[in-house]
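Report on the structure given below.
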Protein chains: 2
Amino acid sequence: MKNIINQVGEKLKAKEYKLTPQRQQILEVMLENKDKHLSAEDVYTLVKRKAPDVGLATVYRTLELFLEHDIIHSVDFGDGRKRYEYGDNSDRHHHHHAICLKCGKILEINEDLLEELEKQVFKDYNFVVIDHELKIFGYCGECKR
Amino acid sequence: MKNIINQVGEKLKAKEYKLTPQRQQILEVMLENKDKHLSAEDVYTLVKRKAPDVGLATVYRTLELFLEHDIIHSVDFGDGRKRYEYGDNSDRHHHHHAICLKCGKILEINEDLLEELEKQVFKDYNFVVIDHELKIFGYCGECKR
DNA sequence: CTAAGTGCAAAGGATTTGCAAAACA
DNA sequence: TGTTTTGCAAATCCTTTGCACTTAG
């Protein structure tokens with residue numbers, strides 16, 4: 001993980017940004033929670049545990065910065081807040097979410113099931129697909145009866 | 001259209017709700033803009049033209065009511081506000097959006113391209129699909145070069 | 001040293017809510 | 001008449017911004 005932090009540090013430095021302790025802590029939190037979908041508030045709470053002095057505004061500003069540099073990406077489950085995940089957008093192309101309507105659990109669907117569909121959209125609508133975002137709603141194994 | 005308004009009126013009355021003039025105006029606006037994706041503010045502006053006295057809160061409350069009764073449904077393009085369309089959720093199942101990254105135009109993709117995918121998600125993840133929502137990002141015919 | 005980054009508190013935008021007045025059934 | 005519904009304004013929630021202070025490089 002140290003490795004990744006350094007890599008990201010280089011990535012930022014290359015673009016005239018500083019890798020401050022706050023940014024590093026926020027990055028660590030994102031790395032430690034790769035599988036979660038953290039809201040800004042969640043990140044704030046987690047970072048506070050390591051560094052009680054960080055401000056919420058810094059968290060927002062840092063997430064925005066990471067977003068611009070494709071260090072993280074954001075998803076929106078329609079619950080009124082953005083959620084963030086470590087990893088760049090190219091991952092997202094092959095990574096969708098199934099949201100359980102009963103327990104709220106979110107499954108990662110890690111296949112790209114939409115290649116065929118993209119071709120079809122191009123053919124039928126003359127629309128060049130760059131990215132897509134798919135949310136699936138239903139019942140997970142535990143909640144269906 | 002009168003027809004549809006009456007139908008919806010019955011639908012509401014059957015459930016102990018009243019079809020007030022305000023609600024009727026809001027419904028008319030939704031019907032006159034089937035193809036658009038109106039925000040609450042948009043609806044408010046349009047309704048004001050017919051009935052200058054309606055309040056924004058009433059618009060929000062009415063949209064919420066219509067949503068609960070499957071008269072309209074909502075979509076979220078991630079721009080920080082909900083958007084509303086006439087038609088119930090069963091339409092949505094066969095109705096997706098392609099969003100142009102350059103001009104912002106939104107194309108309706110009116111095919112269900114995801115039947116196969118639903119089967120696969122059930123098989124691979126033991127997840128019963130009730131609904132899905134697909135957003136496609138890219139360049140429309142006019143904007144691609 | 002000095003531009004970039006920070007924390008705080010205040011501002012912002014979308015949506016919700018409390019409440020007294022108004023209106024449907 | 002008795003609930004519902006309304007309009008208004010205030011409140012709320014998430015996010016952004018202004019500003020004086022601090023810090024990384």
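Proteins come first, then strands; the chains are lettered A, B, ... in the order of their sequence lines, and each starts at number 1.
Within the nucleic acid shown, B:P21 comes within 4.0 Å of sugar-phosphate atoms alone, with no base atom in reach, counting heavy atoms only. Within 4.0 Å of B:Q22, counting heavy atoms only, lie sugar-phosphate atoms of the nucleic acid but no base atom. Across all strands, B:R23 comes closer than 4.0 Å only to sugar-phosphate atoms, never to a base (heavy-atom distances).
Of the candidate nucleotides C:dT15, D:dC14, D:dG25, D:dG25 has the atom nearest to the side chain of A:K18. Residue B:R61 has its side chain nearest to C:dG18 when only C:dA4, C:dT6, C:dG18 are considered. Of the candidates D:dT15, C:dC24, C:dT6, C:dT6 carries the atom nearest the A:T20 side chain, counting heavy atoms from C-beta on. Side chain of B:T62, nearest nucleotide from C:dA14, D:dT15, D:dT6: D:dT6. The side chain of B:A57 has D:dA9 as its nearest neighbour among C:dA9, C:dG5, D:dA9.
Spacing between atom NZ of B:K82 and atom P of D:dC14 amounts to 13 Å, rounded to whole angstrom units. Between A:Y17 atom OH and D:dT23 atom C1' the separation is 18 Å, expressed in whole Å. When the C1' atom of C:dT16 is taken as reference, atom CD of B:E41 falls 15 Å away, rounded to whole Å. Between the CG atom of A:L67 and the P atom of D:dT15 there is a distance of 12 Å, given to the nearest Å. The distance from atom CG of A:L65 to atom C1' of D:dT16 is 15 Å, rounded to the nearest whole Å. The interatomic distance linking A:I26 (CD1) with C:dG7 (P) rounds to 8 Å, in whole Å. For the pair A:Q25 CD and C:dG5 P, the interatomic distance rounds to 17 Å; values are reported in whole Å. The CG atom of A:D42 sits 13 Å away from the C1' atom of D:dC14 (whole-angstrom rounding).
Nearest heavy-atom pair, B:Y86 versus B:I72, reported as atom, atom and distance to 0.1 Å: CA-CG2, 4.0 Å.
Toward the 5′ end of DNA chain C lies the nearest nucleotide of B:G80, the other residue of the pair B:G80 and B:L19 mapping further downstream. Between B:T58 and A:L56, the residue whose closest nucleotide on DNA chain D is further toward the 5' end is B:T58.
For D:dT15, the OP1/OP2 oxygens have a side-chain nitrogen or oxygen of A:Y60 closer than 4.0 Å.
Classification of B:K50 and B:E28 as a salt-bridged pair holds, one side-chain N sitting under 4.0 Å from a carboxylate O. The residues B:E116 and B:K119 are annotated as salt-bridged, a charged nitrogen and a carboxylate oxygen being separated by less than 4.0 angstrom.
For residues 46-65 of chain A, the set of pairs meeting the ring-ring contact (aromatic ring centres under 6.0 Å, His included) definition, not counting sequence neighbours, is empty.
More than 12 heavy atoms of other shown residues, nucleotides or ligands fall within 6.0 angstrom of atom CZ in B:F77.
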